[in-house]
Amino acid sequence: MQLFSFCIAFFWFFGTESLHWVQMSGLPDDIPFFDEPDAPRQPSGIAARAMQARSAPPYLNGLNPEQRLAVETTEGPVLVLAGAGTGKTRVLTSRIAHILSLGKAWPSQILAVTFTNKAAREMKERIGVLVGGAVEGMPWLGTFHSIGVKLLRRHAELVGLRSDFTILDTDDVIRLIKQIIQAEGLDDKRWPAKQFALMIDGWKNKGLGPSEIAEGDARSFANGKGRELYTAYQNRLKTLNACDFGDLLCHPIRMFRAYPDILKEYHAKFRYILVDEYQDTNTAQYMWLRLIAQGSKNVCCVGDDDQSIYGWRGAEVDNILRFEKDFPGAVVIRLERNYRSTAHILGTASHLISHNEGRLGKTLFTDAPNPEDAKVNVHAGWDSEEEARAVGEEIEQAQRKGHNLNDIAILVRASFQMREFEDRFVTLGLNYRVVGGPRFYERMEIRDALAYFRVVAQGSDDLALERIINNPKRGLGEAAIRQVHDYARAKDIGMLDAAADLVETEELKPKPRSALREVVENFRRWQSQIDSVPHTELAEKILDESGYTAMWQADRSAEAPGRLENLKELIRSMEEYESLRSFLEHVALVMDAEQNENLDAVNIMTLHSAKGLEFETVILPGWEEGLFPHQRALDEGGRSGLEEERRLAYVGLTRAKKNLHIWFVSNRRIHGLWQSTIPSRFLEELPEAHVEVIAGGDSYGGYGGRGGYGQSRFDRADPFENSYSTPGWQRAQQNRSDATRNNWGSRSGARVERIGYGETDSGHGAGRGSVKGRMIDGELVAKSVSETPSNFDVGDRVFHIKFGNGNVSSIEGNKLTIDFDKAGQKRVLDSFVKGI
DNA sequence: CAGTGTCTGCTTTTT
DNA sequence: GCAGACACTG
């Protein structure tokens with residue numbers, strides 16, 4: 001491990017412009033921290049005089065008064081409400097630099113928590129710049145999970161683990177749960193492992209162990225066996241010496257509660273605590289923080305309640321709203337001076353978010369309004385094809401004017417929207433990158449390779465072994481694996497050991513027996529080489545000798561070369577680590593890979609993955625009811641669901657620095673069917689003063705640019721006015737529940753208002769059961785709709801608002817396939833056509 | 001035991 | 001409309 005903290009003397013040096021860190025002795029962080037020296041003394045003598053003589057240290061220059069207050073209020077609880085683009089990270093990093101330079105704490109006495117590895121990495125880098133490179137001196141800067149791992153490795157035995165426990169990812173967890181469900185004699189079709197994994201995740205997000213979950217929740221799965229299964233799962237994890245992600249938070253909480261003396265040591269240790277993105281903390285993280293923060297009261301949480309968009313995965317906005325109660329005497333500092341966006345963009349975003357209730361309230365402003373700035377553009381389009389076409393044209397135009405594609409982002413609500421843009425950009429030959437797609441370490445071949453490595457590093461990692469025992473195919477089918485599995489269970493040993501035993505007996509059929517023997521011998525050999533062969537070399541050997549590489553070389557499919565390339569990349573990336581084991585540790589927690597930033601390309605991503613980023617030009621397509629706000633958010637989350645969608649819109653708007661384009665269309669293909677849509681209610685919530693309505697591209701006003709047939713409200717001169725600022729739009733709002741019933745099939749308006757509200761605010765987990773009920777209900781509704789025989793017959797002449805005239809060529813329930821005279825063959829719902 | 005047809009279901013995502 | 005999961009067959 002490279003976790004050496006440097007003992008740093010905090011002297012100001014005469015006349016130096018930046019901070020100088022004097023590295024004294026290398027004090028490994030792993031030595032018991034309670035032996036650490038007290039916090040460094042305040043500088044005295046020459047150093048103190050030098051400090052007084054100086055003007056403000058460089059990291060304070062250029063901070064605005066609020067930022068500076070947030071940096072300098074080091075003592076006591078502080079909540080920094082940092083609006084989008086107000087210099088949040090700058091405050092956090094400067095604050096750390098400030099604490100260090102005043103000599104208030106050693107680097108190892110500061111606990112700084114983030115949510116993502118990316119945020120942690122950025123923070124490390126930026127502190128590095130401020131303090132001149134002593135970043136390793138911050139051993140406790142990391143994600144909640146990575147700090148959790150660190151705590152657990154030290155105290156594993158207190159929660160019933162060994163310190164070399166493995167961390168399971170979602171895939172492993174689901175397979176494990178499936179086994180448990182089957183072992184209980186339950187039907188794993190009726191009770192999907194995936195669903196139960198989500199429930200467990202939900203419980204762990206709340207910090208609940210098997211004995212603490214609500215009776216109703218426990219009963220809602222597998223005929224009341226929920227609690228039993230959860231207990232069995234936890235026991236199984238213990239025997240496997242493994243943790244899931246939730247445990248990385250829950251185990252430390254349990255440990256701190258059970259061993260107050262250990263908690264005390266950490267109280268003494270952490271003098272300053274900082275938390276980034278506080279609005280995203282879930283209950284477990286909150287409990288964790290509360291326990292640790294009982295020591296030093298110097299807790300600084302930074303966040304923005306208006307950007308809380310992860311309620312559905314357990315985040316509690318309440319944590320940030322409650323801060324002042326939780327930490328009496330807290331200083332609340334608002335950062336509202338925005339350095340990112342134009343006044344029009346800020347005005348638009350502020351006006352939109354003001355429609356939410358239950359916020360702490362901030363209004364962003366800019367010091368640098370510029371009359372030249374463009375207003376926010378709202379575009380109306382016919383359908384998603386036109387949307388993609390027009391956006392493509394607009395981007396090409398911007399490119400011709402010399403804009404970088406890298407500065408442009410398309411932010412969508414749901415990933416299916418990306419496809420249309422991708423298709424269009426491919427035909428245009430426009431570079432694009434999809435941010436946040438399947439990540440490197442989640443690719444099948446990478447996970448397979450890692451499974452091999454895991455078994456070599458940890459012979460008892462049964463989940464990993466099961467993944468690759470018959471991959472490449474060795475003729476070890478379900479039957480043979482079951483035999484090994486059962487034997488291992490019976491003897492309470494690992495599967496690899498069980499396999500080793502079994503091949504010595506006559507129990508297996510000859511073919512599987514020799515195949516299994518080879519597997520065992522291979523792993524035994526690799527295991528024996530773990531200390532003698534360099535780990536990158538060993539990794540290559542494993543993949544070659546197991547036949548895994550050969551399998552992909554023999555594969556003639558289009559992806560095979562890419563997969564081999566990925567495997568090479570994996571081996572290459574291992575070079576940075578000291579050993580196979582330290583590499584695996586890294587991989588378990590840091591599941592992300594770098595993007596190619598050298599390529600100039602348009603960024604396409606979801607609104608969620610855009611949080612924290614900024615772009616010169618932002619395009620927000622698909623602002624239609626049902627898509628954004630998403631129907632399911634409304635169905636399952638009721639009012640709070642709508643507010644979260646609005647915050648998501650706010651996040652989208654505030655990503656833009658200069659140009660912001662919002663799109664809505666009147667026809668979109670959803671689940672393969674063309675459906676009419678109505679503009680998002682969020683459009684109505686934008687302030688007219690900052691918005692300009694653009695009448696589509698040149699194809700606007702007619703279908704596919706060929707124009708002419710079909711009339712709709714968007715045919716008029718000013719679609720914006722006519723569509724949502726007028727009595728007509730108001731009427732549409734009132735009729736929304738009817739419209740959505742037609743437009744969105746089974747997930748629909750009227751029914752939802754009856755069932756959906758009030759009970760699911762707590763997010764998934766608890767909500768799941770009731771959601772399921774609703775889905776079944778929805779299915780029934782959908783069926784009754786589709787079983788209603790259509791009023792049309794094959795051969796009927798019909799008219800469709802988008803496609804014009806055509807003949808019905810076939811009918812399935814209420815779904816018609818129609819040969820249109822001009823638009824070709826399409827499948828549409830019968831409610832969208834009229835007989836003529 | 002592995003390949004081919006049929007059925008299902010369909011937001012957002014980190015660790 | 002399409003991907004992923006599952007059931008059936010050689």
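Note that the coordinates shown come from a computational prediction; the quantities given were computed from them, not determined experimentally. First the proteins, then the strands, lettered A, B, ... as listed; each starts at 1.
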Please list, for nucleotides 1-5 of chain B, all pairs of protein and nucleotide N/O atoms separated by less than 3.5 Å.
from	atom 1	to	atom 2	distance (Å)
B:dC1	OP1	A:Gly477	N	2.5
B:dC1	OP2	A:Glu478	N	3.4

[X]: salt bridge (Lys or Arg N to Asp or Glu O under 4.0 Å) partners, not counting sequence neighbours:
X        : value
A:Arg175 : A:Asp172
A:Glu420 : none
A:Glu466 : none
A:Asp164 : A:Arg162

[X] side-chain N/O to [N] phosphate OP1/OP2 under 4.0 Å:
X        : N      : result
A:Thr170 : B:dT15 : no
A:Arg313 : B:dT14 : no
A:Ser146 : B:dT15 : no
A:Asn117 : B:dT15 : yes
A:Thr606 : B:dT11 : no

Could you check how far [atom1] of [X] sits from [atom2] of [N], rounded to whole Å?
X        : N      : atom1 : atom2 : value
A:Gln417 : B:dT12 : CD    : P     : 9 Å
A:His608 : B:dT14 : NE2   : P     : 10 Å
A:Asn205 : B:dT15 : CG    : C1'   : 10 Å

Test of understanding: with side-chain hydrogen bond (donor to acceptor under 3.5 Å, both in side chains), list the residues that count as partners of A:Asp244, not counting sequence neighbours.
A:Lys204, A:Tyr233
Test of understanding: with side-chain hydrogen bond (donor to acceptor under 3.5 Å, both in side chains), list the residues that count as partners of A:Arg153, not counting sequence neighbours.
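Partners of A:Arg153 by the side-chain hydrogen bond (donor to acceptor under 3.5 Å, both in side chains) criterion, ordered by chain and then number, come out as A:Glu585.
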Can you pull the contact range of chain A along DNA chain C, 5' to 3', using atoms under 4.0 angstrom from its heavy atoms?
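So the contact region on DNA chain C extends C:dG1 to C:dA7.
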Check every strand shown and say whether A:Arg669 touches a base, only sugar-phosphate, or nothing at a heavy-atom separation below 4.0 Å.
sugar-phosphate
Mind checking whether A:Trp312 and A:Tyr310 have parallel, tilted or perpendicular rings, split at 30° and 60°?
tilted
Is there, by distance only and without an angle test, a donor paired with an acceptor across the side chain of A:Arg413 and the base of B:dT12 below 3.5 Å?
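Yes.
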Are A:His145 and B:dT15 stacked, counting the six-membered base ring, centres under 5.5 Å, planes under 30°?
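By the stated criterion, A:His145 and B:dT15 do not stack.
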Partner set under side chain to side chain contact (heavy atoms under 4.5 Å, CB included) for A:Thr116, not counting sequence neighbours
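With sequence neighbours excluded, A:Thr116 shows a side chain to side chain contact (heavy atoms under 4.5 Å, CB included) to A:Lys118, A:Ala119, given in chain and number order.
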Is the shortest heavy-atom distance from the side chain of A:Asn282 to the side chain of A:Lys206 under 4.5 Å?
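Sidechains of A:Lys206 and A:Asn282: no contact.
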